[in-house]
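Before any comments, here is the structure.
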Amino acid sequence: MSAYRALADALEGVAATRSKLVKIERLAAALAPLAGEELVAAARLLSGSPFAEWEQTVTSVGWATLARSASAVTGWDMETIGASARAIGDLGEAIALMLPPEEAHGPAPLQILEVDRRLRALAGMRKAAQKQATLEDLLRRASPVEVRYLVKTLSGGLRVGADLATVEEGIAAAFGADREAVARAHRDCGDIGDTAEASRAGRLSEIRFRLFHPIGFMLASPIENPQDIVEELPLFAVEDKFDGIRAHAHKSGSRVTLFSRTLDDVTAQFPEIALALAAPPGQFLLDGEIVAWTGDRVGSFFRLQRRLGRKVPPAELLSEIPVAFIAYDCLASGETPLFERPWRQRRAELERLAQGGGFLLSPVRRASDAAGLEAYFSEARERGNEGLMFKREDSPYQAGKRGRAWRKWKKALATLDVVVTAVEQGNGKRAGMLSDYTFAVRDGDRLVNIGKAYSGLTDEEIRKMGAVFRKITVARYGPVRAVAPEVVLEVAFDTIQKSSRHKSGFALRFPRIVRIREDKTPAEADTVETVEEIWRGIQGMDRAGNGEPNDRRE
DNA sequence: GTATTTCTCAGCC
DNA sequence: TTCGGACGAATTCGG
DNA sequence: CCGAATTCGTCCGAAGGCTGAGAAATAC
């Protein structure tokens with residue numbers, strides 16, 4: 001039996017560092033001692049959801065229900081809870097701060113499996129009152145740090161800077177598994193929990209892809225300007241980017257299931273697509289787009305929206321806004337998964353399957369120069385599409401991955417007047433918050449658009465920035481004009497102050513919370529101590545935040 | 001008791 | 001969806 | 001060749017707008 005507290009503490013540790021490697025290390029340390037059901041549940045909880053992706057389950061507990069439950073447990077009114085959550089920027093943090101300081105209130109510490117069970121129970125309940133009662137009970141059993149992560153889990157996102165991909169790495173590190181193997185297994189079974197247990201047991205290779213089990217989506221990067229890609233054009237195939245709903249179509253004989261990007265089963269919403277796909281023989285998994293279809297062209301997303309989320313779309317709607325499935329990738333055919341095959345091969349298989357009908361085939365073009373691409377670009381625009389997509393011909397299908405990103409600033413560099421690089425701190429090291437270039441565009445005497453936000457710094461630290469900039473190199477890009485270092489410093493400092501993202505920073509939180517403390521009166525007498533606790537907590541945060549730019553409370 | 005409105009949650013881009 | 005910031009690994013530079 | 005400088009690949013989290021479903025509250 002393992003306590004949920006260990007997971008909450010681990011998440012606290014993950015949140016406390018910005019270093020990716022340290023996050024992974026801490027996740028691994030939390031997972032390593034676990035096994036079996038507990039490991040399964042723990043891996044899921046660490047990634048922010050008690051459920052496996054394929055379960056398609058949600059708790060349907062939202063902000064309002066949580067706040068009401070918290071109100072009942074802490075004695076604070078809803079308004080105060082809301083104000084605190086807004087000031088801090090996180091409901092879980094706010095509620096945890098309002099709890100009395102003592103450890104778990106219940107008779108025994110919360111167990112991982114118990115948390116799992118209760119969250120599942122919440123998902124099964126329909127009545128709001130029942131959910132709230134269950135929630136109150138759970139919150140009363142939990143210690144503040146546990147409450148923090150329970151509420152975060154329920155309110156949609158841990159926000160500790162570690163999502164599924166990072167948890168995958170943690171699993172790999174905990175059990176000495178190969179990172180790629182973990183990712184593959186996760187893709188194929190759709191459950192980070194089972195993946196963790198399989199890693200521990202050395203059974204990763206036993207996890208196989210199954211049809212009708214939702215698979216993560218590979219996301220591509222759209223580009224606006226065809227010129228950006230011209231140099232590398234030969235590597236890519238060009239497709240239209242349709243304005244619709246991304247979906248995977250699983251089909252075997254007459255059985256068809258459509259999964260949305262969040263891996264929800266949306267088959268019932270689009271019966272005509274399911275029917276069409278059922279017609280041809282065979283078995284396959286297609287990736288494509290559900291679009292509003294006007295008979296010969298794609299309709300707008302706005303029209304399509306009215307078809308969304310309908311459990312059973314009425315017949316009038318079906319005829320008013322017909323839809324179609326445009327396939328642009330084939331991830332499995334027959335018994336064979338094709339994820340690892342290059343796009344070129346998958347496309348060939350897709351074209352073969354398209355001959356059997358049942359779906360529309362996304363057109364593919366190849367262009368070797370700017371002119372060809374430009375032509376296709378305007379053509380696509382003509383057809384009312386959103387833009388173009390580029391598929392690397394030799395690239396496998398990597399679920400959850402994003403296509404190559406195009407860096408805007410790379411373009412910007414060509415026309416920049418001044419580029420500031422390599423800012424050193426007083427200690428001689430490269431400043432921790434800098435990466436790549438810190439660049440600035442000169443506008444008359446001023447530098448504008450410094451491409452960095454100096455988050456995580458207190459006002460005082462920002463005031464010290466002038467001293468931090470010890471060395472400034474003017475980069476070799478662009479037509480550089482002579483600018484005295486002092487000018488750069490001064491203007492840069494000025495700009496940084498203006499662009500600094502302080503809205504969620506501690507400097508702002510402090511006075512807002514104080515205001516709440518002054519204005520609000522707790523319902524019961526004994527909650528006065530709670531107020532003191534909030535106060536002390538704030539002061540503790542202040543000390544922790546000082547002189548530590550890498551503190552998470554940025 | 002049934003019909004309508006409001007609130008809350010969720011899911012899509 | 002799109003966007004910017006951040007980390008760490010990979011690659012290139014400079015002596 | 002080596003350490004420092006620079007670039008690249010990835011990940012995370014935030015933002016805004018629209019719609020339906022379902023339960024609860026209210027009207028009739």
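In the text below, chain A, chain B and the rest are named by the order of the sequence lines, each starting its count at 1. All of these numbers come straight from a predicted model, not from anything done at the bench.
Put simply, CD on A:Q132 is 11 Å from P on D:dA24, counting in whole angstrom units. D:dA21 atom C1' lies 11 Å from atom CZ of A:R126, rounded to whole Å. One can place CG of A:L66 at 12 Å from C1' of B:dT8, the figure rounded to the nearest angstrom. In this structure, A:K152 places its NZ atom 15 Å from P of D:dC12, rounding to the nearest Å. If you measure from atom CG of A:L11 to atom P of D:dC12, you get 14 Å, rounded to the nearest angstrom. Atom CG of A:L122 is separated from atom P of D:dA23 by 16 Å (rounded to the nearest Å).
If A:R68 and A:V58 are placed on DNA chain B by their nearest nucleotide, the residue sitting closer to the 5' end is A:R68. For A:R306 and A:E169, each mapped to the nucleotide of DNA chain D holding its nearest heavy atom, the one lying further toward the 5' end belongs to A:E169. With the nearest nucleotide of DNA chain D identified for both A:A128 and A:K20, A:K20 has the one nearer the 5' end.
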Side chain to side chain donor-acceptor pair (under 3.5 Å) between A:Y149 and A:E12, intermediate numbers included: CA-CA 9 Å; A:Y149 288 100; A:E12 197 79 337; 2.7 Å; yes
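Using the six-membered ring where Trp is involved, A:Y328 and A:F242 have ring planes that are parallel, under 30° apart on the 30 and 60° scheme.
Distances shown here put a side-chain N or O of A:R159 below 4.0 Å from the OP1 or OP2 atom of D:dA14. At least one side-chain nitrogen or oxygen of A:K311 sits closer than 4.0 Å to the OP1 or OP2 atom of D:dG22. Within the 4.0 Å cut-off from OP1 or OP2 of D:dG22, not a single side-chain nitrogen or oxygen of A:S60 is found. Between A:T166 and D:dC12, a side-chain N or O to OP1/OP2 separation shorter than 4.0 Å is present.
Contact annotation for A:G157: no contact, since no heavy-atom pair falls under 4.0 Å across all strands. Using a 4.0 Å heavy-atom distance criterion, A:R307 is classed as making no nucleic acid contact. Among the protein residues, A:V160 comes within range of the sugar-phosphate backbone only, with heavy atoms under 4.0 Å from sugar or phosphate atoms but none that close to a base.
Nearest nucleotide to the A:K241 side chain, out of B:dC9, C:dT2, C:dC7: C:dT2. Counting only heavy atoms from C-beta on, A:A165 has its side chain closest to D:dC12 among D:dA21, D:dC12, B:dC9. Closest to the A:R179 side chain, of the nucleotides D:dC11, B:dT8, B:dA10, is D:dC11. Distance from the side chain of A:Q305 is smallest to D:dC18 among C:dC7, D:dC18, B:dC13. Closest to the A:D264 side chain, of the nucleotides D:dC11, B:dT8, B:dG11, is B:dG11. The side chain of A:L21 sits closest to C:dG8 out of B:dT8, C:dG8, D:dC11. You'll find that the side chain of A:D163 is closest to D:dG13, out of D:dA24, B:dC13, D:dG13. Taking every side-chain heavy atom of A:R310 into account, D:dG20 is the closest of D:dC11, D:dG20, B:dC13.
Without hydrogens or angle criteria, A:S71 side chain to A:W76 main chain gives a donor-acceptor distance under 3.5 Å. The backbone N or O of A:G13 sits less than 3.5 Å from a side-chain atom of A:R26, completing a donor-acceptor pair. With A:K23 contributing its side chain and A:V14 its backbone, the two residues share a donor-acceptor pair below 3.5 Å.
The residue from A:V147, A:I95, A:L139 that alone fulfils the side chain to side chain contact (heavy atoms under 4.5 Å, CB included) condition with A:V73 is A:L139.
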